[in-house]
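What follows is a set of notes on a single structure, which appears directly below.
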Amino acid sequence: MSTGELVIEGLRAGIPGREILRGVTLTVRSGEVHAVMGPNGSGKSTLAHVLMGRPGYEVLDGSVTLDGIDLLSLPTWQRARAGLFLAMQHPVEVPGVTLIESLTAARPGVPAEEIGATDAGIGERLHEEARRIGFDERFLDRPLNVDLSGGERKRNETLQMGVLRPRFAVLDEIDSGLDVDALGAVGRRVEEATAEWGLGVLAITHFRRLLDVLHPDVVHVLSEGRVVATGGSQLAEIVDRTGYAAYV
Amino acid sequence: MTRASLRERPAVLSNFTPESAAALSGPAWLQQRRCAAADAFWSSPLPSEKDEVWRYSRIDQLDLDRFRPAGSVSVTAPDDPGPSPSERIHTLVSSLGARAGLVVTINGVLATVASSVPDHLATLGRATERADAETFVGSVGSDPRDFWLLNDAFAIDPVLVDVQPGAVVEDPIVIVHMITGVGGTAIFPRTVIRTGTGSSVGVIEIVIDVDTGLLADLPSDGVRAPNRPLEHLVVPATELQLAEEAALDYVSVQSLGAETWQLAHQASFIGANATLRSFAVALGGKYARLRTDSALAGEGGTSMLRAAYIGRDEQMLDFRTLQDHLAPRTTSDLLFTGAVADRSHSVYSGLIRVRRGAVRSDAMQTNHNLVLGEGAHADSVPNLDIEENDVKCSHGSTVGPVDEDQRYYLESRGIEPERAEQLIVSGFFESIADQVPIAGTRSLIGRALVDRVGVHGE
């Protein structure tokens, strides 16, 4: 069980010529689930991509550390190796590249069986993760996300998270495209991960329904690039009832 | 013999004269045609980069005097400590799976013919053994004729695949043109594929320099790869004649040495309701050009033209295409996809022409290029020439680096940038190889493409 923290402090960032995050500060500890809610344009997805280092965004000020490691100074792939995972809102198709290929390349030092690879191809680890979230096992052979529906892609992201076992996972609207059953399975898997290896979660969402299955410890409301309210899960209920108007 | 006053270069084509063409053995009609073709080549100006069809090419650097046409006498390969060329070809051909027949030429001279198909379905072999060969060798052509003429003049043993009307040949027929021997040889493979009304067949045609190891399945030990590759001039011409309702799957692979010049033509004539599915793979060559001409001459005909190519080092791969819609309700669908690495250069220039009367035709032309090296370069020039109103045409091209979103996605999982790019590029070509019409060739082609691109940056 890992212990540690993902600390975001005074983070200001955006795209060239436009500041989107205007000073975000929050700390996620291992095993905790934090939700970030907010209206469209509040900077939720920008936060996810700035944490992961997507090209095209620039950091103006502030810091992000994972167990003391300065993430912002690292390229994307090293942030991932340091233990950060981003479940993307729109996972892209990568023709011809299989799940096994990408997972083995992602963790070159890790024994193959730990990431569900065998000489014959797909090993038990992957099958087990697929079963846990109801990811159709026929899709395990598919090139990444190719011909997968939006919901299947989200399950695929969750599956990869389960195999790679990151220290902290940012889930960027993992609920979009998922039906109620799928949402339940994905939410359950993430929640179990917090207990299994102490995964810390930062779940970005528009809607409360994800939080009904994820049971966040802390809810943050993001508006115009700032955290304007922080509270327990009851904050999500309030937002759900009254909307974001009070925070904008 | 006439000598053109407009010749732009004072080259003395001493090795490609009508006299040397006439010296090749063959039936009288062929000898006459060789002379006439050599004469026609000799009397027209040499192609020049000033001509639109040769723009972006390296044709001005081609010095024909450095080459002499291969003779009719078969060559013996120089001493080679490794597997003999025939063993290596056997390995290559075996990797393609079941086949209905095999034809091998060595430097343009027929060496092997083997067929398991009864003659009433299909015959293959030396075209000139057929009494009526004159009527069909050269019936499909290409314009401008330039190097096609040189092939007419110096092709030694035109190969014929003749599929009878109604015949369905289940397994593909394999044709291998081996290039070997001393440098400075000019080789002119010629293939005629005739498919009768309502017939169906697959043909794989491989032009390979056996002194290189470009194709993945060739054993690499004993290959004389460390030696400097030999310079050859290879001018293949392939005619595809599809009668009404015929279906032809045609896969061609070019695996030439790094110093070789290739000037290839593939010309097809598509009869009514016939369907050609062709896929060309370009791997080797110093300057390797392929002209693909498809004449949709019969109503309802379809031509699907695909190509995959990977440029390395200083290589130039050059593709010129013509989708020529002559009849109503014809369909052409072209997709050429490639990558350029190192300091290599690719050219795609294509024309969709819809002639008056070719109503309700549907033409597509797409060219995608991945640019993988700072010094690499791709030119892409799609063109339309539409003389009819009631048609559907589209064309498009892209030239650029690996998709940034794909790269970010893989990097976000912890994959190093170089490895991510490698995975994306090899995956891209594997997925292209999956579309090759003859299933048995997919793994060979996939691996050859991935191997070709895989050494990138190492």
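Just so it is clear, the structure is predicted and the values come from calculations on it, not from any experiment. Keep in mind that the numbers below use all heavy atoms, side chains included, and drop hydrogens, waters and symmetry copies. A, B, ... follow the sequence lines: proteins, then strands. Residue 1 opens every chain.
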**Item:** Distance in Å, A:T98 OG1 paired with B:E430 CD, rounded so as to fall on 0.5 Å steps
**Value:** 8.5 Å
**Asked** Quick one: side chain to side chain contact (heavy atoms under 4.5 Å, CB included) partners of A:P75, sequence neighbours excluded?
**Response** A:W77, A:Q78
**Prompt:** Any idea which of B:G446, B:A420, B:G414, B:G427 has the most non-hydrogen atom pairs under 4.5 angstrom with chain A?
**Reply:** B:G414
**Request:** Using a 4.5 Å cut-off on heavy atoms from C-beta on, say whether the side chain of B:L410 contacts that of A:L144.
**Result:** yes
**Asked** Any salt bridge between B:E416 and A:R81, counting N to O under 4.0 Å?
**Response** yes
**Asked** What's the shortest heavy-atom distance between A:V94 and B:I424, and which atoms?
**Response** CG1-CG1, 4.0 Å
**Complete:** dist B:S431:OG -> A:E93:CD (nearest 0.5 Å) comes out at 10.0 Å
**Asked** Distance from A:E101 atom CD to B:Q422 atom CD, nearest 0.5 Å?
**Response** 10.5 Å
**Message:** Is there a side-chain contact between A:L103 and B:R413 in this structure, where contact means two heavy atoms from C-beta onward sitting under 4.5 Å apart?
**Reply:** no
**Prompt:** Got a second to check how far A:R79's CZ is from B:S412's OG, nearest 0.5 Å?
**Reply:** 11.5 Å
**Complete:** ring-ring contact (aromatic ring centres under 6.0 Å, His included) pairs touching residues 400-422 of chain B, sequence neighbours excluded, are A:H49-B:Y408
**Which portion of A:P91 sits near chain B, non-hydrogen atoms under 4.5 angstrom** = both
**Item:** Gap separating the CE atom of A:M52 from the CD atom of B:E411, nearest 0.5 angstrom
**Value:** 9.5 Å
**Message:** Please determine whether the number of non-hydrogen atoms from other residues, nucleotides or ligands lying under 6.0 Å from atom CD of B:E374 exceeds 12.
**Reply:** no
**Message:** Does any backbone or side-chain atom of B:Q406 lie under 4.5 Å from a heavy atom of chain A? Answer side chain, backbone, both or neither.
**Reply:** both
**Residue part contacting chain B, namely of A:L86, when any heavy atom lies under 4.5 Å** = both
**Proximal component of A:P143, with respect to chain B [non-hydrogen, under 4.5 Å]** = neither
**Request:** Verify the neighbour count for atom NE2 of A:H127: are there more than 12 heavy atoms of other residues, nucleotides or ligands below 6.0 Å?
**Result:** yes
**Asked** Is the number of heavy atoms from other residues, nucleotides or ligands under 6.0 Å of A:E128 CD greater than 12?
**Response** yes
